[in-house]
Amino acid sequence: MIFVYGLAGLATAVLTVDRTANPFTAMGRAVGRATRSGMRGVFLRLLGYLVWLAIRLALGSGWILAANMITPITGGSWWVGLAVPVAWALANGVAYAALACLDAVLLLEIRIRTEGLDISVNRARSLGADPAAALVVR
């Protein structure tokens, strides 16, 4: 299931950046973008999710531990029961916003990395130059 997240997760970024009106087309384009360059997009999304999972767990549990240091949970404080869901909601709010930023940057990076090279090679071919010269950094 997590692999499907890596494959189809760029659909929101494709809908936003490419302005595709059809969500099914966006899903197909997202899978196409994520699988380019040896599935680099899939693996970067999965790595980003795992990093933010660790940070989200640290943020959520950190607030619970801070509340436990102020007032022990076994003491029956009423506000600790309210603070725990708020702490996890704040941690998730930060984490999912950061993942959305990662998706947008990843989509643009994939497009620049693959489509920019295609433009350069096609321009070299149309001018009659060697297409391999487009790969040389000057």
Side-chain angles (χ1 to χ4, degrees):
M1 193 60 158
I2 189 108
F3 191 71
V4 174
Y5 169 78
L7 273 176
L10 285 176
T12 305
V14 168
L15 279 168
T16 305
V17 174
D18 291 347
R19 303 201 187 261
T20 305
N22 187 351
F24 298 109
T25 304
M27 188 68 71
R29 291 180 79 179
V31 170
R33 298 279 193 301
T35 55
R36 284 185 185 174
S37 301
M39 296 184 55
R40 185 173 185 275
V42 172
F43 295 128
L44 283 175
R45 287 197 83 236
L46 292 178
L47 179 65
Y49 182 80
L50 292 175
V51 166
W52 274 105
L53 177 66
I55 291 172
R56 187 171 56 226
L57 288 173
L59 285 173
S61 1
W63 286 109
I64 294 170
L65 291 175
N68 191 20
M69 286 176 31
I70 294 170
T71 305
I73 293 177
T74 57
S77 296
W78 61 272
W79 64 271
V80 175
L82 297 175
V84 171
V86 170
W88 283 104
L90 289 173
N92 285 332
V94 170
Y96 288 118
L99 285 174
C101 290
L102 173 71
D103 286 346
V105 169
L106 183 61
L107 174 69
L108 294 175
E109 189 266 342
I110 289 170
R111 288 184 64 189
I112 289 170
R113 182 179 293 263
T114 58
E115 294 169 6
L117 179 61
D118 292 343
I119 292 168
S120 180
V121 168
N122 287 336
R123 182 176 296 144
R125 284 183 186 154
S126 69
L127 295 175
D130 182 22
L135 299 173
V136 178
V137 177
R138 296 177 196 145

**Asked** Under the ring pair (Phe, Tyr, Trp, His ring centres under 6.0 Å) rule, what pairs show up with a residue in residues 30-50, not counting sequence neighbours?
**Response**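 Output for this query lists Y5-Y49.
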Gap between atom [atom2] of [Y] and atom [atom1] of [X] - 0.5 Å precision:
| X | Y | atom1 | atom2 | answer |
| --- | --- | --- | --- | --- |
| D103 | Y96 | CG | OH | 12.0 Å |
| R40 | E109 | CZ | CD | 4.0 Å |
| I55 | L50 | CD1 | CG | 11.5 Å |
| L90 | R56 | CG | CZ | 13.5 Å |
| R45 | L107 | CZ | CG | 10.5 Å |

Exercise: identify the closest heavy-atom pair between [X] and [Y]:
| X | Y | value |
| --- | --- | --- |
| I110 | G41 | CD1-CA, 3.9 Å |
| L44 | L102 | O-CD2, 4.2 Å |
| P131 | A124 | CA-CB, 4.1 Å |

Check: Under 4.5 Å between any side-chain heavy atoms of L57 and W88, yes or no?
Finding: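 They are in side-chain contact.
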Indicate, with yes or no, if L99 and V105 share a hydrophobic cluster defined by side-chain heavy-atom contacts under 4.5 Å among Ile, Leu, Val, Met, Phe, Trp and Tyr.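 No; tracing contacts between hydrophobic side chains, which count when under 4.5 Å, never links both residues.
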